[in-house]
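A, B, ... follow the sequence lines: proteins, then strands. Residue 1 opens every chain.
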Amino acid sequence: MSSLRERMNRLRSSTGGTPESAVQQPSRGSDIETPLESYNETNKETNIEAYELHDSHTDGTVSEAEAGTEQLPESWLAMGVKLQTNEVGTFLLREVKYSADHQHGIHRLSELEEASKGLSAFHGEQIGAEHLLILDLETTGLGVGTGNVPFMVGIAYWQGQQFIVEQALIRHPAEERAMLAYLKEKLTAYAYLVTYNGRTFDWPVMLNRFILNGFGSKVWAPLHLDFLHPARSVWRNTLTSCRLSHVEEERLGIERVDDVPGSLAPQLYFQYLADQNPEPLAGVFRHNEIDMLSLASLAIRFGHLLGGEAGCGPLPMPEEPEEIVRTGLWLEKMGQAEKAERLFAVAEQQQGMTLNALLLLAARDKKAGNWRRAVLLWQKAVMLPLKFGASDDSAFIELAMYYEHKLKDYESALLYADEALQMALSHPLRGRQTAKQRAELAELRKRSLRLQGKIGRKLGSHGT
DNA sequence: CTACCTATGGGCGAATCGGC
DNA sequence: GCCGATTCGCCCATAGGTAG
């Protein structure tokens, strides 16, 4: 990460406002964390200077902030931002309330009440919607080290049939302590933290900021509901990516119009720090707000899945067979075996069953010792018309193993083994084969030869 | 020099079975 | 009854993806 000063220089030069910065700063070779002290000091220095400049430009009363009668410029008020002051200091707060019947994609926020009961499968305790605290940060970078500052902290919660979104924003690092003091009081009222990859990102960053600002490391110890991994369990292979924005679009029916990508948030904030124009931050507020609404939708989705029934009520049955199977496997892992079985049954009745879905189901049956069903699934798999491109001969190999070792039917085993061999021989001609591919080919030949030998000996002993 | 979780692959011993 | 081959289960190391 480059230092703030470098970034701001770059920003200034790229916005083209200052003629003396026509020469672009090279951005390579400066990816080193700036130590905290210099980072913060640089930040404070530059920013306070710029802020006062701006203040005196608007109404000429520089001392209003200190007197506590500070008025926010119209540009802030236009996006619903208000000044928030406590004993520690001042920061900005934007609050948006949604009514229970607000529709966000395919889900309605009111579903949270019912769905949150299902979320107890995560930690084994009964969960009420009013105990969930949704958190999403916009920060100056991706690191979780001390150099990364959450300049916007979005929280959302369910309260009295309303979904309330609060977004705290700091105009410069000096406002962070006041924001954290406010958040500390808010957070500790909740038992559950809801995030997307917040286990690795949002929460460690918050924790670091609390520690660094002298609030200690024990401000809050919630039970964590991080939906990244459940999302991956269910949607890997059926979605090209499991980023929240993609899951949202493909599975939650949410369409973002003119969304500011999260990756742009740091730049927009630096730009604001440099020129004190808050307008571009409107997009960041909006982005952060939708992230939290989507997190609520995800909570609804997984809550319904764990507590209710897929295909009934508000929760649609997945369309892709592999998604149905993976959903079942995840439910099984979460201790919902009966619900899983129902999904597996649905999957098996599907017409367009895919190879992967069949193999997943078969592998599960094999592990459980359910050979009858596993064999049926492998047999379905080898009947599938093979798709162009990647081939998967594992069903043939599994069947070859089953016929050789369980049934001692070497002739049938040989047929499957040779089909696998044929498949391996006909496909990998594109490009050089890897060591692994060569090893697999050698293994297939060995299997075929071994089976031929067994057949030969059996016939020989029979004949004589 | 992110950190976390999950899936994947390799390695190794146990268990099984056929061949001799 | 022993030996070698094969498969399976378990453990550990590694890779990939996501957060702004």
Side-chain angles (χ1 to χ4, degrees), chain A residues 1-2 7 31-33 122 135-154 193-209 224-237 239-248 259-270 281 283-284 287-288 291-292 294-295 298 326 329-330 333-334 356 360 363 366-369 371 374 394 397-398 400-408 410 413 417 434-437 439-440 443-444 446-447 449-451 453-458 460-461:
Chain A
M1 186 186 290
S2 50
R7 286 191 179 189
D31 280 13
I32 299 159
E33 281 291 336
F122 279 94
L135 177 76
D136 185 52
L137 308 182
E138 308 301 323
T139 71
T140 55
L142 265 186
V144 290
T146 47
N148 192 20
V149 180
F151 63 86
M152 182 185 291
V153 179
L193 172 62
V194 177
T195 61
Y196 203 74
N197 200 29
R199 189 165 227 96
T200 352
F201 185 73
D202 302 70
W203 185 237
V205 167
M206 281 304 281
L207 201 55
N208 277 338
R209 300 320 295 178
H224 204 147
L225 301 172
D226 189 339
F227 289 121
L228 167 62
H229 301 295
R232 280 227 257 260
S233 298
V234 170
W235 290 306
R236 87 173 45 241
N237 284 17
L239 296 185
T240 53
S241 155
C242 285
R243 299 172 48 192
L244 179 58
S245 59
H246 200 245
V247 167
E248 208 186 71
D259 183 48
V260 173
S263 57
L264 225 58
Q267 294 180 55
L268 292 169
Y269 186 61
F270 287 127
L281 293 180
V284 182
H287 169 86
N288 181 257
D291 270 2
M292 285 186 287
S294 294
L295 262 158
L298 266 188
R326 286 188 183 279
L329 291 172
W330 181 74
K333 200 177 75 181
M334 294 294 287
N356 259 339
L360 284 170
K366 180 186 175 184
K367 207 180 300 181
W371 290 94
S394 60
I397 297 173
E398 293 288 359
M401 282 164 56
Y402 176 74
Y403 277 95
E404 177 182 357
H405 299 292
K406 291 267 189 274
L407 295 190
K408 323 288 178 205
Y410 303 137
T434 65
K436 192 164 148 24
Q437 283 174 313
E440 277 174 7
E443 202 182 308
L444 285 173
K446 200 167 104 184
R447 184 181 301 278
L449 287 174
R450 177 176 76 238
L451 285 164
K454 285 190 178 184
I455 292 168
R457 278 187 295 276
K458 201 166 87 174
S461 64

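- Contact between A:V260 and A:H287 at its shortest, heavy atoms only, is O-ND1, 2.9 Å.
- Within 4.0 Å of A:D291, counting heavy atoms only, lie sugar-phosphate atoms of the nucleic acid but no base atom.
- Side-chain atoms of A:T140 come within 3.5 Å of backbone atoms of A:V149 as a donor-acceptor pair (strictly under, hydrogens ignored).
- For DNA chain B, the span of nucleotides reached by chain A at under 4.0 Å from its heavy atoms goes, 5' to 3', from B:dA3 to B:dC20.
- Counting only distance, with no hydrogens or angles, the side chain of A:N148 and the backbone of A:V205 share no donor-acceptor pair below 3.5 Å.
- Between A:A400 and A:A413 the shortest heavy-atom distance is O-CB, 3.5 Å.
- A distance-only check finds a donor-acceptor pair linking the side chain of A:R326 to the backbone of A:R236 [under 3.5 Å].
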Scoring nucleotides 2-17 of chain C by protein non-hydrogen atoms under 4.0 Å (B base, S sugar-phosphate only, - none) yields ----SSS--------B
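- Taking the six-membered ring where tryptophan is involved, the planes of A:Y402 and A:W371 are essentially parallel, since the angle between them stays under 30° and well short of 60°.
- A:K446 NZ: 12 or fewer foreign heavy atoms inside a 6.0 Å radius.
- As judged by a 4.0 angstrom heavy-atom cut-off over every strand, A:D226 is placed among residues making no nucleic acid contact.
- Across all strands shown, A:L264 has no heavy atoms under 4.0 Å from either base or sugar-phosphate atoms.
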The dot-bracket string of DNA chain B, counting Watson-Crick and G-U wobble pairs with both distances under 3.5 Å, using [ ] for crossing pairs and | for pairs to another strand, is .|||||||||||||||||||
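- A 6.0 Å sphere centred on CZ of A:R450 holds more than 12 heavy atoms belonging to other residues, nucleotides or ligands.
- Taking all atoms of both residues into account, the shortest heavy-atom contact from A:A265 to A:F151 is O-CZ, 3.7 Å.
- Nucleic acid contact for A:S263: base, since at least one base atom lies under 4.0 Å from a heavy atom of the residue.
- Of all heavy-atom pairs between A:D136 and A:D291, the closest is OD2-OD2, 3.1 Å.
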